[in-house]
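This report refers to the structure that appears directly beneath it.
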Amino acid sequence: MSEEKKASMARYLIPLFIFVILVGFFAVGLNRDPRLVPSPLVNKPAPAFSTASLEQPDRVLDPQLFRQHKVSLFNVWASWCVSCRQEHPFLLEVAKSGRVPIYGLNYKDERADALNWLGALGNPYTASVYDHEGKVGIDWGVYGVPETFVVDGKGIIRHKHVGPVSPQVWQDELLPLIERIENEAG
């Protein structure tokens with residue numbers, strides 16, 4: 001094969017090779033579950049915070065909240081979040097069952113908007129941390145809302161769920177873990 005033919009072939013094969021590689025990356029990316037975002041905080045102590053309560057601005061909340069129970073949920077939410085509105089009725093059911101306390105992290109929200117939202121839709125939270133600037137969220141590695149962390153009684157983050165908590169997520173993902181943590185704690 002002449003050098004001219006090799007150069008001509010390479011001119012067509014290199015873009016084709018790059019195209020095939022890009023198609024492979026897109027195919028892998030499109031088949032991934034966007035809710036499976038790894039968190040470097042899983043199995044590590046909950047990041048420290050000392051922040052005012054949403055409902056009681058004079059009350060300071062910190063990670064000691066999680067040490068009061070064998071396991072707790074820490075749900076990141078905001079009144080401006082459409083997906084939070086989607087999961088809210090189910091969180092009310094979980095709270096009503098008394099199965100596990102749900103603490104909230106009200107993320108980058110206006111206090112009045114958040115309180116109006118809870119007043120209109122009901123409040124599933126044992127207490128909510130008010131994180132107007134989003135600083136607590138940064139320390140917790142929050143990508144967006146809603147996100148839910150499972151925290152054990154030692155204050156260790158055991159799991160992070162990205163997206164709304166639904167009955168299926170509860171049955172398949174959160175409840176089995178909660179039961180396992182409770183059994184470990186005795």
How long is the gap from [atom1] on [X] to [atom2] on [Y], to the nearest 0.5 Å?
| X | Y | atom1 | atom2 | result |
| --- | --- | --- | --- | --- |
| N106 | S79 | CG | OG | 7.0 Å |
| K70 | I178 | NZ | CD1 | 13.0 Å |
| S166 | Q171 | OG | CD | 10.0 Å |
| D109 | W117 | CG | CH2 | 9.0 Å |
| I18 | L13 | CD1 | CG | 11.0 Å |
| I157 | N43 | CD1 | CG | 9.5 Å |

Practice prompt. Run the numbers on F149 and S72 for side chain to side chain contact (heavy atoms under 4.5 Å, CB included), then give the verdict.
Written response: CA-CA 8 Å; F149 296 85; S72 306; over 6 Å; no
Worksheet entry | Chi angles and distances behind the side chain to side chain contact (heavy atoms under 4.5 Å, CB included) call for V71, V151 | CA-CA 6 Å; V71 62; V151 184; over 6 Å; no
Looking at side-chain heavy atoms only, is the closest gap between [X] and [Y] below 4.5 Å?
| X | Y | value |
| --- | --- | --- |
| V60 | S53 | no |
| K44 | I156 | no |
| P164 | C84 | no |

Do the side chains of [X] and [Y] join up, straight or via other hydrophobic residues, at under 4.5 Å, putting them in one cluster?
| X | Y | answer |
| --- | --- | --- |
| W77 | V142 | no |
| Y125 | V100 | yes |
| L54 | L73 | yes |
| V129 | V145 | yes |
| L115 | V76 | no |

Worksheet entry | Lys/Arg-Asp/Glu bridge criterion (N-O < 4.0 Å) met for E184, K154 | no
Worksheet item: Are any of the side-chain nitrogens in E147 or K160 under 4.0 Å away from the carboxylate oxygens of its partner?
Response: yes
Practice prompt. Check whether any side-chain N or O of D131 sits under 3.5 Å from a backbone N or O of K135 as a donor-acceptor pair, and report yes or no.
Written response: yes
Worksheet entry | Qualifying residues under ring-ring contact (aromatic ring centres under 6.0 Å, His included), relative to Y107, sequence neighbours excluded |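 Listed in chain order: nothing, the list is empty.
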Worksheet item: Taking only residues two or more places apart in sequence, or in another chain, which ones meet D152 in a salt bridge (charged side-chain N to carboxylate O under 4.0 Å, His left out)?
Response: R158
Worksheet item: Who pairs with E110 by salt bridge (charged side-chain N to carboxylate O under 4.0 Å, His left out), at least two apart in sequence or on another chain?
Response: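 None.
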So, for [X] and [Y], which heavy atoms are closest and what is the spacing to 0.1 Å?
| X | Y | value |
| --- | --- | --- |
| A127 | R59 | CB-NH1, 4.0 Å |
| G163 | E87 | O-OE1, 4.0 Å |
| P47 | P63 | O-CG, 3.5 Å |
| P101 | T126 | CB-OG1, 3.6 Å |

Practice prompt. Classify the side-chain pair N75/Y103 by whether it contains a donor and acceptor separated by less than 3.5 Å.
Written response: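 N75 vs Y103: no donor-acceptor pair found between side chains.
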Item to complete: Show your reasoning for whether side chain to side chain contact (heavy atoms under 4.5 Å, CB included) applies to E179 and R99.
Response: CA-CA 10 Å; E179 290 172 346; R99 185 69 180 86; 3.3 Å; yes
Practice prompt. List in chain and number order the residues that pass side chain to side chain contact (heavy atoms under 4.5 Å, CB included) with L92, two or more places apart in sequence or in another chain; answer none if no residue qualifies.
Written response: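 Partners of L92 under the side chain to side chain contact (heavy atoms under 4.5 Å, CB included) test: H88, P124.
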Practice prompt. Using the test side chain to side chain contact (heavy atoms under 4.5 Å, CB included), find all partners of H159 that sit at least two apart in sequence or belong to another chain.
Written response: V150, H161, E173, L174, L177
Discussion item. Over 60° means perpendicular and under 30° means parallel, so tell me whether F74 and W140 are parallel, tilted or perpendicular.
Written reply: tilted
Item to complete: Anything under 30° is parallel, anything over 60° is perpendicular, the rest tilted; go ahead and classify F66 against F49.
Response: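 It falls in the perpendicular class, over 60°.
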Worksheet entry | By side-chain hydrogen bond (donor to acceptor under 3.5 Å, both in side chains) - contacts of T51 (at least two apart) |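 For T51 there are no side-chain hydrogen bond (donor to acceptor under 3.5 Å, both in side chains) partners, ignoring immediate neighbours.
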